[in-house]
Amino acid sequence: MKPSPLEARLKRRIAKDGPIGVADYMAEANTHYYATRDPLGPGGDFVTAPEVSQMFGELIGIWLADLWRRAVAPEAALYVELGPGRGTLAQDALRAMRGAGFNPPVELVETSPVLRAAQAERLSARWHDDLSTLPASGPLLVVANEFFDALPVRQFDADGRELLIDVEDGRFVRGDGVYRETSPAAVDIVRAISRRLAAQGGAALIIDYGYDRPGHGDTLQAVSRHAFADPLACPGERDLTAHVDFSVLAGAARTEGASVFGPVTQGDWLGAMGLAVRAAALAKAAPARAGEIGEARARLAAPERMGRLFKVLALVAPGWPEPAGF
Ligand code: SAH
């Protein structure tokens, strides 16, 4: 197969300047990947929780509206989402929030022009390239689902040497023995969110697959057409992710003064938020869809499906009430 323009460019760069870090490779690959397609859904590369069922976004909306009501209502607050994909989660969450009397302005942090266009079909919002341009006053209610796993990671061996990607015989190769991963980009974003929460009030809900203690070695993976693929082949044509180290994100948030709740598993959190009740109500309203709704519930919450690998972490502004579900 002919190498893509990105693959050719990375290979020229390595030939000229030497091997590059895994984070560099991942950033280049994912920027191209998301800029050039909508990867979500059965016809794409992967399916996320909001695309499985409206229940996911609705329960997040209820969580946000409850916190808003107990903390600052009737004062305004902003809905902020990082990496909103097709905008499905925001659409479902906003519907639930409006049902609870809360109709916040929407601020979306999204770099992909293709996904911005998909979001604009469903939402009226303002768009940002990063957090720096978000409004500087008013509480922020931030949601990030499967956003942090797409951020670049660095990899190190047991002696603390950074592992690099080189080219041999026309293929990308990386040294063996990944012992530790870090995501400086993820830590920077969590710190920026936490500083905003301390200054403006609000909360953030971070949902992703990952672990609650460090030390898992190599978690870099590629997904294409719903199957795992080689992360060192076809950069920019496959979704590259790494598991999120929630203990590091929690620590970064605490150093900036945020209160931290969780991580708890997605199954436990959805259960505590009333997934069973919501599923029963939807099935009662549409009996012909009861089987499909039950299947979606299992997919989101059963431990062997998304229920245990996915975790939920809340960061809350100092002085704000305890959030539901933890
Ligand atoms: N949250 C959505 C989409 C997850 S896919 C869902 O659950 O369905 C990852 C999302 O993050 C995409 O919208 C992608 O374009 C966006 N994204 C990835 N890296 C980004 C970055 N560095 N800055 C802003 N958005 C990014």
Side-chain angles (χ1 to χ4, degrees), residues 23-61 64 79-94 106-123 125-134 142-153 183-190 192-193 204-210 221-224 226 235-244 266 269-270 296 299-300 306 309-313:
D24 241 358
Y25 174 89
M26 193 174 170
E28 294 268 9
N30 273 351
T31 301
H32 177 82
Y33 177 79
Y34 283 108
T36 50
R37 76 208 70 203
D38 171 355
L40 294 155
D45 286 334
F46 58 96
V47 175
T48 55
E51 304 297 333
V52 169
S53 166
Q54 69 186 80
M55 297 187 285
F56 187 75
E58 287 170 347
L59 293 175
I60 290 172
L64 296 169
Y79 176 84
V80 178
E81 193 175 333
L82 313 182
R86 290 183 173 164
T88 308
L89 192 167
Q91 202 176 24
D92 293 332
L94 286 161
V106 178
E107 310 278 343
L108 303 177
V109 178
E110 173 63 70
T111 41
S112 160
V114 175
L115 290 170
R116 277 190 184 199
Q119 293 152 21
E121 283 179 25
R122 294 174 178 79
L123 302 161
R126 288 197 298 190
W127 279 267
H128 304 266
D129 289 330
D130 55 47
L131 277 80
S132 65
T133 54
L134 290 172
V142 183
V143 176
N145 184 61
E146 288 209 44
F147 168 76
F148 282 94
D149 65 66
L151 299 177
V153 292
S183 179
V187 168
D188 281 353
I189 291 174
V190 162
I193 293 171
L205 195 66
I206 297 171
I207 306 148
D208 227 307
Y209 47 97
Q221 65 185 35
V223 165
S224 177
H226 310 278
E237 303 305 319
R238 303 167 170 183
D239 181 47
L240 288 186
T241 64
H243 284 35
V244 172
Q266 175 167 301
W269 189 81
L270 290 172
R299 188 164 171 190
L300 293 174
M306 297 173 84
L309 179 59
F310 282 75
K311 311 282 189 301
V312 183
L313 181 75

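We count ligands from 1, going down the list as the structure has it; atoms in each ligand are counted the same way. Note that this is a predicted model, so its numbers are computed, not measured.
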Original post:
So, does Asn30 sit close enough to ligand 1 that a heavy atom of it is under 4.0 Å from the ligand?
Top reply: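 Heavy atoms of Asn30 never come under 4.0 Å of ligand 1.
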Subject >> Reported CD-to-CG distance for the pair Gln54 and Leu59, which is rounded to 0.5 angstrom >> reply: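 CG of Leu59 is found 10.0 Å from CD of Gln54.
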Original post:
To the nearest 0.1 Å, how far is atom 7 (O) of ligand 1 from its closest protein heavy atom, and which atom is that?
Top reply: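 Here the closest protein heavy atom is Asn145 ND2, 2.8 Å.
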Original post:
Of all the non-hydrogen atoms in the protein, which one sits nearest to atom 22 (N) of ligand 1, and at what distance?
Top reply: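 Going atom by atom, the protein heavy atom closest to atom 22 (N) of ligand 1 ends up being Leu151 CD2, 3.9 Å.
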**OP:** Mark yes or no for whether Ser112, through its side chain, and Tyr34, through its backbone, hold a donor-acceptor pair below 3.5 Å.
**Re:**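 Answer holds: yes.
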**OP:** Taking only Lys NZ, Arg NE, NH1 and NH2, and the carboxylate oxygens of Asp or Glu, determine whether Arg37 and Glu237 approach each other closer than 4.0 Å.
**Re:**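 So Arg37 pairs with Glu237 through a salt bridge.
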Original post:
Is any side-chain N of the basic residue among Arg238 and Asp45 closer than 4.0 Å to the acidic one's carboxylate O?
Top reply: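 Here Arg238 does not pair with Asp45 in a salt bridge, since their nearest N and O are not under 4.0 Å apart.
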Check the side chains of [Y] and [X] for a donor-acceptor pair under 3.5 angstrom, ignoring hydrogens and angles.
| X | Y | value |
| --- | --- | --- |
| Thr241 | Tyr209 | yes |
| Glu51 | Thr88 | yes |
| Trp127 | Gln119 | yes |

Does the N or O separation between [X] and ligand 1 drop below 3.5 Å for any pair?
| X | value |
| --- | --- |
| Glu146 | no |
| Glu110 | yes |
| Gly83 | yes |
| Gly85 | yes |
| Thr48 | yes |

For [X], counting its heavy atoms only, list the atoms of ligand 1 lying under 4.0 Å from any of them.
| X | value |
| --- | --- |
| Ser112 | 15 (O) |
| Pro50 | 6 (C), 7 (O), 8 (O) |
| Tyr34 | 5 (S), 9 (C), 12 (C), 14 (C), 15 (O) |
| Pro84 | 2 (C), 13 (O) |

Subject >> Evaluation steps, side-chain contact (heavy atoms from CB on, under 4.5 Å), between Leu205 and Val142 >> reply: CA-CA 6 Å; Leu205 195 66; Val142 183; over 6 Å; no
Original post:
Can you tell which part of Thr111 has a heavy atom less than 4.0 Å from ligand 1: side chain, backbone, both or neither?
Top reply: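 Within the 4.0 Å criterion, Thr111 contacts ligand 1 through backbone and side-chain atoms alike.
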Original post:
Which pair of heavy atoms, one from Asp129 and one from Glu110, lies closest together, and at what distance?
Top reply: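 Closest heavy-atom pair between Asp129 and Glu110: OD1-O, 4.2 Å.
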